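Just follow the structure's listing: the first ligand is 1, and inside any ligand the first atom is 1. Start at 1 with the first residue, then count along the sequence. The structure displayed is predicted, hence computed values, not measured ones.
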Amino acid sequence: KKYKKGMEKTRQTFSGRINDLIARYRKVDEDFFEELEEVLITADVGVMTVMDFVDELKMEVKRRNIKETEEVKAVISEKLVDIYYGDEEDHIEQLHLSTEGLSVILVVGVNGVGKTTSIGKLAHRLKQEGKHVVLAAGDTFRAGAIEQLEEWGKRADVEVIKQREGSDPAAVIYDGIQAAKSRHADVLICDTAGRLQNKVNLMNELAKVKRVIEREVPGAPHEVLLVLDATTGQNALSQAKTFSEATDVTGIILTKLDGTAKGGIVLAIRNELNIPVKYVGLGEQMEDLQVFDPHAFVFGLFA
Ligand code: GDP
C-alpha cells in the first residue's frame, strides 16, 4: 500500500497519459506507437530502452493480431516487465549477504542523492530482520556527514564507527571492520564520500577502500550499492555509468521515487546498464525503504 502511495506521481502522470492515448486513438496505428514513445520518454524511461520496448510491443501486438488500443494496455504492462528482466527469469533481487560471519555492504553515490538516509533506513531494515548491524562513517569529506550518520545510527539503534572529518576513509572502514568483527556483527554498512568532480580521485578512493575490505573480510564486499536520486532522471543514469566504471556496482537504491513522475528511470538503468534496482526510497522516514518489485512497480503504474 505504501508502495502505491509512494509511486503516486509517476502513476498519475504515466497512467493518465497512456489512458488518454488509448481513448484518443482506439485503433492501433503508427501514430499511436509514436505518441506512446513520447509518453515513455517523458517518464524518463530512456530513449534506447523506449526504442527496444516499442519494437517488442509492436511485434507482440502483431503476433496477437490486436487492433484495439484498449487491448494493448495489458501487453504494455507485460512487456515493461519483460524489458526489465531481459533474458532473466522474473525474480525479486535480494541482497547477497553471507550466512556466516561478517557481511560488508559498501554504499556509494553523489552528495545529496539520499545516501546517508538510505544507509539509516537499510540499517533499520536489516536490524528488523534480526541482524546485528554496524555502520562505518567513511564519508569523511562532506561537512556534517559523520554527524548525520550518527543521527541515523541513534534512530536505528546501531553503532557507528567514526574518525575525525578529513581522515582517511580507508582507515575508518578498517576500524569499522575490526569493530564489527569484535562485536560478532552480521553486517557492516560502509558510507563513502560522494565527490564526482574528479573521477580519478573517486576511483582511487573507492579502490583503496575496497582493497581494505577485500583483505580484511574474505568474499567481501558482498554488495556495492549505488544510491541514485530518481528526481534527477537521465542524470541518474549518467551517474550510474560513471560509478560502474569506477567500481563493480552490484545493485541500486533509487531514492525519492515518491517525489517524481520520472519513475521510468528504473527501466532505463536495468535495460542499459544491467544493474538491478534492489531498493527504492519512498519517503524521508526510517520505514520508507522498500524492496524493489518490478511487477508491483509496473502494474502499479496502471493501478
Ligand atoms: P546524501 O548527501 O546523499 O547523504 O543525502 P541525504 O541522505 O542527506 O538526503 C538528502 C535529502 O533527501 C534529505 O532531505 C532526505 O530527507 C531526502 N531523502 C532521502 N531519501 C528520500 C526519499 O526516498 N524520499 C524523499 N522524499 N526524500 C528523501
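Look at Lys115 and Asp191 and you find a salt bridge, because one of the NZ, NE, NH1 or NH2 atoms lies within 4.0 Å of a carboxylate O, short of that distance. Using a cut-off of 4.0 Å between Lys/Arg side-chain N and Asp/Glu carboxylate O, Arg270 and Glu88 are scored as salt-bridged. Of the charged side-chain nitrogens involved, none lies within less than 4.0 Å of a carboxylate oxygen, so that Glu68 and Arg26 do not count as a salt-bridged pair. Salt bridge Glu30/Lys58: present, at least one basic N to carboxylate O contact under 4.0 Å. Glu60 has a carboxylate O that lies under 4.0 Å from a charged side-chain N of Arg64, or vice versa, which qualifies the two as a salt bridge. For Lys208 and Glu205, the salt-bridge test fails: no basic side-chain N is under 4.0 Å from an acidic carboxylate O. Taking 4.0 Å as the cut-off between side-chain N and carboxylate O, Asp248 and Lys210 count as a salt-bridged pair.
Atoms of ligand 1 found under 4.0 Å from any heavy atom of Leu282 (numbered from 1 in listed order, with element): 23 (O). The ligand atoms of ligand 1 that sit less than 4.0 angstrom from a heavy atom of Gln148 are 6 (P), 7 (O), 8 (O). Counting atoms of ligand 1 from 1 in the listed order, those under 4.0 Å from a heavy atom of Gly281 are 23 (O). Contact atoms of ligand 1 toward Val110: 3 (O) (distance under 4.0 Å to a heavy atom of the residue). Under a 4.0 Å criterion applied to the non-hydrogen atoms of Lys256, ligand 1 contributes the atoms 12 (O), 18 (N), 21 (C), 22 (C), 23 (O), 24 (N), 25 (C), 27 (N), 28 (C). Which parts of ligand 1 touch Lys115 is read off a 4.0 Å heavy-atom cut-off, strictly below it: atoms 1 (P), 3 (O), 4 (O), 5 (O), 7 (O).
Here the CZ-OG1 distance, from Arg17 to Thr42, works out to 4.5 Å after rounding to the nearest 0.5 Å. Note that the OG1 atom of Thr231 and the NZ atom of Lys256 stand 5.5 Å from one another [nearest 0.5 Å].
In this structure, Tyr174 has no ring-ring contact (aromatic ring centres under 6.0 Å, His included) partners at least two apart in sequence or on a different chain.
Residue Asn111 places a heavy atom less than 4.0 Å from ligand 1. Not a single heavy atom of Gly194 sits less than 4.0 Å from an atom of ligand 1.
Contacts of Gln285 with ligand 1, taken as heavy-atom pairs under 4.0 Å, are absent altogether.
The protein heavy-atom contact nearest to atom 24 (N) of ligand 1 is Asp258 OD1, 2.8 Å. Of all protein heavy atoms, the one closest to atom 22 (C) of ligand 1 is Gly283 O, 3.1 Å. Annotation: atom 2 (O) of ligand 1 to nearest protein heavy atom, Gly112 N, 2.7 Å. Among all protein heavy atoms, the one lying closest to atom 16 (O) of ligand 1 is Glu284 OE1, 2.5 Å. The nearest protein atom to atom 5 (O) of ligand 1, hydrogens excluded, is given as Gly114 N, 3.1 Å; this is a heavy-atom distance.
Looking at Leu257, Ile119, Thr260, Thr116, it is Thr116 that brings a heavy atom closest to atom 4 (O) of ligand 1.
Looking at Ser118 next to ligand 1, no N or O pair under 3.5 Å apart turns up. Note: an N/O pair closer than 3.5 Å links Thr117 and ligand 1 by distance alone.
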Result block: side-chain N/O donor-acceptor pairs under 3.5 angstrom for residues 130-138, not counting sequence neighbours:
none

